[in-house]
Protein chains: 2
Amino acid sequence: MAKQPSTKDRILNAAEKLFATRGFYGVSIRQITTEADVDPALASYHFGKKKDIFNAVMLRRAEVLNRERIAMLDDCIRRAKPNPAPLHEIIDAFTHALLNRATQGGQGWKNYFAIIAQINNHPELGGIIMTQYFDPLAKKFIAAIQATLPDSQPEDLYWCYHFLSGALTLTFSGTERINNLSEGLCPPSDLYAVHDRLVPFITAGFKVFANGSKINDCNNND
Amino acid sequence: MAKQPSTKDRILNAAEKLFATRGFYGVSIRQITTEADVDPALASYHFGKKKDIFNAVMLRRAEVLNRERIAMLDDCIRRAKPNPAPLHEIIDAFTHALLNRATQGGQGWKNYFAIIAQINNHPELGGIIMTQYFDPLAKKFIAAIQATLPDSQPEDLYWCYHFLSGALTLTFSGTERINNLSEGLCPPSDLYAVHDRLVPFITAGFKVFANGSKINDCNNND
DNA sequence: AACTTTATTCAACAAGTGTTTAATTTATTC
DNA sequence: GAATAAATTAAACACTTGTTGAATAAAGTT
């Protein structure tokens with residue numbers, strides 16, 4: 001019988017769950033503390049303001065996630081030396097830890113990714129929170145891709161990263177949209193199936209800009 | 001001097017603006033009616049509940065947008081006959097109207113797209129509202145792609161559509177993230193630059209699945 | 001002009017908001 | 001075991017929430 005988590009973690013877990021489905025403004029502190037089975041005043045006592053609870057929720061998992069992803073990137077760069085790392089391995093290093101946690105990390109991780117998806121697409125918070133927690137990692141990945149595609153233009157790579165980010169976060173948002181659309185053919189819970197398609201999809205997209213040509217000569221050959 | 005819009009439109013415009021930056025729960029009816037310079041009771045009088053205001057905001061622009069996009073798709077299919085339409089033209093038909101409105105349609109359209117981006121990545125609403133307003137259109141596009149890539153697997157195409165949807169909505173979310181990340185190199189306001197990259201990026205991604213092979217032989221040739 | 005429908009205003013409602021304060025319990029340290 | 005610190009509780013704060021009802025004004029119709 002597992003021992004009960006600490007009060008702080010109970011609050012964070014409850015907040016994570018509720019923020020995931022209703023967003024920051026859609027959740028009250030009393031809802032959080034009720035879900036955590038804890039007195040409302042303890043939220044302020046342990047974390048301060050409501051925004052501080054949210055930041056604590058973000059920080060808790062971002063740290064372990066970024067450590068894993070950077071380790072995977074460094075590993076695939078080291079294996080390829082003295083050549084640059086293969087593109088699809090870089091993309092995989094970027095996405096693999098996310099997939100793994102989302103499928104095997106339990107409901108808490110699913111909730112966390114759903115929040116990330118919302119934040120990433122939020123006009124105000126996307127430019128602040130995502131920048132704060134994930135930009136150092138993003139810069140490392142883009143640098144690795146630049147090394148693999150030496151003739152590519154930086155702007156092109158930034159935009160491709162942006163497309164990857166959008167495709168990825170929507171995937172982890174937990175929406176039933178793609179399941180509805182495909183009439184049950186594509187259950188969003190099957191994240192391994194997604195990953196097997198996402199990596200080649202994104203890899204091919206990046207390669208379009210490998211030669212750095214500004215004119216899109218790829219449009220006329222299908 | 002343009003005459004003042006009707007009370008209903010004033011409320012919808014104010015709601016659209018505020019929902020775009022703070023989401024459904026982050027905006028109160030009093031904030032909306034203050035922004036619209038109108039009595040709070042008029043919101044209930046004209047629309048009913050708060051959710052009805054939100055639905056009215058969604059519906060207003062979705063109708064004109066979908067009409068335009070379907071017309072463009074039909075047009076490019078007709079021009080290509082008796083051959084299937086070229087893939088990049090289908091993708092362009094899917095995205096072009098969005099780009100046009102986002103750049104030349106004024107602030108109201110920008111606000112609308114920011115809301116769409118949030119909804120699309122919302123775990124509850126994404127599977128309901130997006131399905132409701134955009135699934136008929138999505139099915140037409142996927143059918144057109146299927147005709148162009150006859151050997152592709154339906155699941156693959158649905159997932160590719162999903163990636164397109166994520167990349168597209170993040171682009172229109174109005175975040176400053178990619179601008180921060182690129183240190184000013186990629187201003188998100190330059191949506192034409194985005195479009196010129198998005199279409200070839202997505203087109204290349206779809207083509208990976210043109211032959212329908214389940215094994216990703218594309219991974220070993222870079 | 002009289003009447004009816006539509007639109008707008010003002011006031012109020014009960015319930016919920018984030019946060020703080022002081023009192024009390026539990027845990028830690030000497 | 002007494003003194004100190006940390007954690008928890010209950011109550012209250014002033015304020016905002018969505019929505020409604022009755023009263024008033026404007027517009028439309030015979």
Side-chain angles (χ1 to χ4, degrees), chain A residues 1-60 111 115 118-119 122-125 128-129 132, chain B residues 1-60 111 115 118-119 122 124-125 128-129:
Chain A
M1 179 172 166
K3 86 150 186 263
Q4 166 144 292
S6 72
T7 300
K8 287 182 82 166
D9 276 331
R10 306 253 303 286
I11 293 174
L12 288 183
N13 291 340
E16 191 172 58
K17 174 180 174 183
L18 294 170
F19 284 148
T21 49
R22 297 169 67 89
F24 179 77
Y25 297 108
V27 177
S28 73
I29 289 186
R30 278 173 177 84
Q31 288 175 317
I32 294 173
T33 52
T34 299
E35 171 81 26
D37 199 29
V38 141
D39 190 272
L42 286 176
S44 307
Y45 175 76
H46 284 293
F47 295 100
K49 309 286 182 188
K50 188 182 176 186
K51 296 223 170 186
D52 299 322
I53 302 178
F54 188 81
N55 277 326
V57 168
M58 288 290 91
L59 187 61
R60 184 170 57 153
N111 296 335
I115 298 176
Q118 288 181 255
I119 295 300
H122 188 109
E124 284 177 343
L125 300 178
I128 300 170
I129 295 188
Q132 179 182 346
Chain B
M1 179 174 166
K3 85 152 187 263
Q4 165 144 293
S6 72
T7 300
K8 288 182 79 167
D9 277 330
R10 305 255 302 286
I11 293 174
L12 287 182
N13 291 341
E16 190 172 58
K17 174 180 173 182
L18 293 170
F19 283 149
T21 50
R22 297 170 67 89
F24 179 76
Y25 297 108
V27 177
S28 73
I29 290 186
R30 278 175 177 83
Q31 288 174 318
I32 294 173
T33 51
T34 299
E35 172 82 25
D37 199 29
V38 139
D39 190 272
L42 286 176
S44 308
Y45 176 75
H46 283 292
F47 295 100
K49 308 287 181 187
K50 188 183 175 186
K51 295 222 170 187
D52 298 322
I53 302 178
F54 188 80
N55 277 325
V57 168
M58 288 291 91
L59 187 61
R60 185 169 58 152
N111 296 336
I115 298 176
Q118 289 182 254
I119 296 300
H122 189 110
E124 284 177 343
L125 301 178
I128 299 171
I129 295 187

- Query: Touch check for A:A41, heavy atoms < 4.0 angstrom, all strands: base, sugar-phosphate only, or nothing?
  - Reply: base
- Query: Looking at A:K50 and A:F19, what are the two nearest heavy atoms and their distance?
  - Reply: CE-CE2, 4.4 Å
- Item | Euclidean distance, atom CD1 of residue B:I29 to atom P of C:dA15 [Å, nearest integer] | 18 Å
- Selected nucleotide, minimal atom distance to A:S44 side chain, candidates D:dT19, C:dT20, C:dG18: C:dT20
- Task: Return the value, rounded to whole Å, for the distance between atom NZ of A:K8 and atom C1' of D:dT8.
- Result: 15 Å
- Integer-rounded Å distance: C:dA15 P and A:Q31 CD: 16 Å
- Message: I want to confirm an ordering. Mapping B:Y45 and A:D37 to their closest nucleotides on DNA chain D, which one lands closer to the 5' end?
- Response: A:D37
- Query: For A:D39 and D:dA10, what is the distance between atoms CG and P respectively, to the nearest whole Å?
  - Reply: 7 Å
- Give a yes/no answer on whether the side chain of B:T7 brings an N or O atom under 4.0 Å of OP1 or OP2 in C:dT8. yes
- In Watson-Crick or G-U wobble terms, with both distances under 3.5 Å, the base opposite D:dG1 is C:dC30
- Item | Atom-to-atom span, NZ of B:K51 to P of D:dT19 - whole angstrom | 10 Å
- Message: From the set D:dA6, C:dT19, C:dT8, return the single nucleotide nearest to any side-chain atom of B:L42.
- Response: C:dT8
- Task: Please report, rounded to the nearest Å, how far the C1' atom of D:dT17 is from the CZ atom of B:R22.
- Result: 14 Å
- What heavy-atom pair brings A:I53 and A:A15 nearest, and what distance separates the two atoms? CG2-CB, 3.9 Å
- Whether B:D52 side chain and B:K49 backbone form a donor-acceptor pair below 3.5 Å: yes
- Of the listed nucleotides C:dT17, C:dG18, C:dT9, the one nearest the side chain of A:K50: C:dG18
- Atom-pair distance (CD1 on A:I32; C1' on C:dG18), nearest Å: 11 Å
- Query: Does A:K17 NZ have over 12 foreign heavy atoms under 6.0 Å away?
  - Reply: no
- Looking at B:S28, does any N or O in its side chain come under 4.0 Å of the phosphate oxygens OP1/OP2 on D:dT17? yes
- Query: For the pair made of CZ in A:R10 and P in D:dA7, what is the distance, rounded to whole Å?
  - Reply: 15 Å
- Distance test, side-chain N/O of A:K49 to OP1/OP2 of C:dT20, below 4.0 Å: yes
- Please determine if B:R60 and B:E16 form a salt bridge, counting it only when a charged side-chain N lies under 4.0 Å from a carboxylate O. yes
- Task: Assess whether one donor atom and one acceptor atom, taken from the side chain of A:R30 and the base of C:dG16, lie less than 3.5 Å apart.
- Result: no
- Message: Counting only side-chain nitrogens and oxygens, does A:H46 get under 4.0 Å of the OP1 or OP2 atom of D:dA6?
- Response: no
- Task: Let me know, please, whether A:V27 or B:P40 comes out on the 5' side of the other along DNA chain C by nearest nucleotide.
- Result: B:P40
